[in-house]
Amino acid sequence: MIFDTHAHYLSSRFDDHREALLDSLPGQGVGGVVECGVDLATSRNAVQLSHSRPWIYAAAGIHPESIIDEEASTVTQFHGDWRRELAEIEPLFEDERVVAVGECGLDHHWPIPEQEQLELFRAQLALAREHDLPILIHDREAHGETYALLREYRPKGIVHAYSGSADDALWIARQGMFIGFGGALTFKNARRAVEAAAALSLENIVLETDCPYMAPEPLRGRECNSAMICHTAQKLAEIKNVPVEEVLRVTNANARALFGV
């Protein structure tokens with residue numbers, strides 16, 4: 001019943017045990033995973049991975065950090081010309097296993113040129129609209145600009161790793177988008193995330209890992225995987241005062257309805 005709406009199993013941290021780990025997940029209750037690309041190379045590999053197992057799906061896009069990441073194909077292959085890279089990513093949206101655009105968005109934590117990442121995000125919002133696909137949004141210390149673009153484009157999709165206020169979460173839900181909660185919801189200092197989760201209906205929430213990062217308590221600091229969503233679901237069940245089975249059922253249904261799978 002676990003549907004992980006945001007994973008990065010192509011991370012090098014999984015290189016020596018990826019296949020065995022993925023093969024183990026269905027036996028631990030994982031029924032769906034979206035593998036997220038962050039540039040052309042990882043987007044292509046995400047599509048390839050999605051064809052290896054019927055419960056893995058792919059998202060294709062360019063992360064804002066890829067503009068400055070010396071290991072991203074945005075830099076190594078396209079020398080920063082993300083427009084040309086995005087043109088090569090676009091045909092991937094025709095693959096039946098690609099269910100979303102992303103991971104993309106805005107990030108003001110790292111020294112990424114603001115105008116470039118804004119234009120890149122706009123271009124991917126336009127592609128999501130053109131191809132009628134959900135979008136997976138990265139919003140780090142950029143709430144104002146991100147919400148302005150949500151108001152302008154009115155996409156369907158997920159605000160991933162939500163870190164805003166409860167009021168903003170309710171506004172995003174009214175725009176027709178889902179709020180993604182991961183392991184950070186279980187952290188002891190997760191006051192804002194807990195307040196947002198409490199304010200929202202379960203019908204507006206999906207679960208995620210961002211694995212290999214952000215393992216939930218009591219596994220914080222370990223390599224994360226989709227099976228660990230059970231701990232995030234348990235925390236959400238406590239916040240909502242409902243059985244954990246209800247949390248997993250509803251969030252699974254939300255993800256499948258959004259992605260059309």
Side-chain angles (χ1 to χ4, degrees), residues 2-15 18 21-22 25 30 32-53 55-67 69 71-74 82 85-86 88-90 92-93 95-107 117 120-121 123-125 127-128 131 133-140 146 155-163 177-184 206-215 223-226 228-229 232 251 254-256 258-261:
I2 291 173
F3 199 115
D4 184 353
T5 60
H6 198 110
H8 295 283
Y9 283 106
L10 295 171
S11 166
S12 61
R13 290 174 61 173
F14 293 117
D15 280 354
R18 181 179 296 108
L21 173 59
L22 290 174
L25 293 178
V30 178
V33 170
V34 175
E35 175 69 19
C36 300
V38 296
D39 58 9
L40 175 63
T42 54
S43 293
R44 283 177 171 167
N45 289 339
V47 176
Q48 183 177 3
L49 185 66
S50 73
H51 283 275
S52 72
R53 294 164 177 84
W55 46 273
I56 299 180
Y57 306 91
I62 304 175
H63 194 290
E65 287 181 36
S66 293
I67 295 173
D69 183 350
E71 296 184 358
S73 59
T74 315
W82 58 261
E85 183 176 34
L86 199 57
E88 293 205 27
I89 286 175
E90 186 173 5
L92 298 177
F93 300 140
D95 191 295
E96 63 180 7
R97 304 298 296 174
V98 177
V99 296
V101 176
E103 178 182 358
C104 59
L106 298 174
D107 190 313
Q117 61 171 310
L120 171 60
F121 188 27
Q124 291 178 96
L125 284 162
L127 281 176
H131 291 272
L133 285 170
I135 193 162
L136 306 182
I137 295 177
H138 172 97
D139 166 20
R140 189 171 188 186
T146 299
K156 57 185 176 182
I158 300 169
V159 177
H160 144 71
Y162 185 72
S163 60
M177 296 199 70
F178 289 95
I179 302 295
F181 290 111
V206 293
L207 298 179
E208 60 176 54
T209 56
D210 205 21
C211 68
Y213 316 107
M214 305 292 286
E223 174 191 279
C224 189
N225 68 68
S226 302
M228 295 180 184
I229 278 180
T232 306
T251 56
N254 293 345
R256 292 187 180 278
L258 174 65
F259 297 127
V261 299

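Quick note: residue numbers are just sequence positions, from 1.
When side chains are defined from C-beta on, L25 counts as touching W55, because their heavy atoms get closer than 4.5 Å. Side-chain atoms of T74 and D69, non-hydrogen and from C-beta on, never get closer than 4.5 Å to each other. Between P212 and F14, some side-chain heavy-atom pair lies under the 4.5 Å cut-off. For the pair Y9/N225, a side-chain contact is recorded, criterion being any heavy-atom separation below 4.5 Å from C-beta on. Counting heavy atoms from C-beta on, the side chains of V33 and L22 never come closer than 4.5 Å. Contact check for W82 versus S66: no side-chain heavy atoms found under the 4.5 Å cut-off. Looking only at side-chain heavy atoms (C-beta outward), D95 and H51 come within less than 4.5 Å of each other. Side-chain contact between T251 and F178: absent, with no pair of heavy atoms (C-beta onward) separated by less than 4.5 Å.
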### Message
Pair L258, V206 - check side-chain contact (heavy atoms from CB on, under 4.5 Å), show working.
### Response
CA-CA 10 Å; L258 174 65; V206 293; 5.5 Å; no
### Query
Yes or no on side-chain contact (heavy atoms from CB on, under 4.5 Å) for H138 and V38, after CA distance, side-chain angles and deciding distance?
CA-CA 11 Å; H138 172 97; V38 296; over 6 Å; no
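For the atom pair CZ of F259 and CG of L133, the computed distance is 10.0 Å after rounding to the nearest 0.5 Å. I89 CD1 to C104 SG: the interatomic distance, rounded to the nearest 0.5 Å, is 10.0 Å. Within the model, atoms SG of C36 and CD of E208 stand 8.5 Å from one another, a figure rounded to the nearest 0.5 Å. Between atom OG1 of residue T146 and atom CD1 of residue I137 there is a gap of 7.0 Å, rounded to the nearest 0.5 Å. With rounding to the nearest 0.5 angstrom, the CG atom of L106 is 13.5 Å from the CZ atom of R140. Separating the OG1 atom in T5 from the CG atom in N254 is a distance of 10.0 Å, to the nearest 0.5 Å.
With E85 contributing its side chain and L40 its backbone, the two residues share a donor-acceptor pair below 3.5 Å. Side chain of D4 to main chain of T209: a donor-acceptor pair is present (N/O by atom type, distance under 3.5 Å, no hydrogens or angles). Proximity of a side-chain donor or acceptor of Q124 to a complementary backbone N or O of G102 within less than 3.5 Å is not detected. With hydrogens and angles disregarded, a donor-acceptor distance shorter than 3.5 Å links the side chain of R97 to the backbone of I56.
A side-chain donor-acceptor contact under 3.5 Å links E103 and H8. Residues D39 and T42 bring a donor and an acceptor atom of their side chains to less than 3.5 Å of each other. Using modelled atom types and a 3.5 Å distance limit, the side chains of E35 and S50 yield no donor-acceptor pair.
The two atoms that bring A215 and M228 nearest to each other are CB-SD, 4.0 Å, heavy atoms only. Between G61 and S43 the shortest heavy-atom distance is N-OG, 3.1 Å. Across all their heavy atoms, P134 and G157 have their closest contact at CB-CA, 3.9 Å. Nearest heavy atoms, A123 versus L86: CB-CD2, 3.7 Å. Minimum interatomic distance between D107 and P64 (heavy atoms only, all atoms of both residues): CB-CG, 4.1 Å. For the residue pair L92 and A60, the shortest heavy atom distance occurs at CD1-CB, 4.1 Å.
Taking a 6.0 Å sphere around CD of E71, one finds it holds 12 or fewer heavy atoms contributed by other residues, nucleotides or ligands. Atom CD of E88 has more than 12 neighbouring heavy atoms from other residues, nucleotides or ligands inside a 6.0 Å radius.
Every residue meeting the side chain to side chain contact (heavy atoms under 4.5 Å, CB included) condition with A128, not counting sequence neighbours, appears here in chain and number order: V101, I135.
Using a 30° and 60° split on the angle between ring planes, F181 and Y162 fall in the perpendicular class, above 60°.
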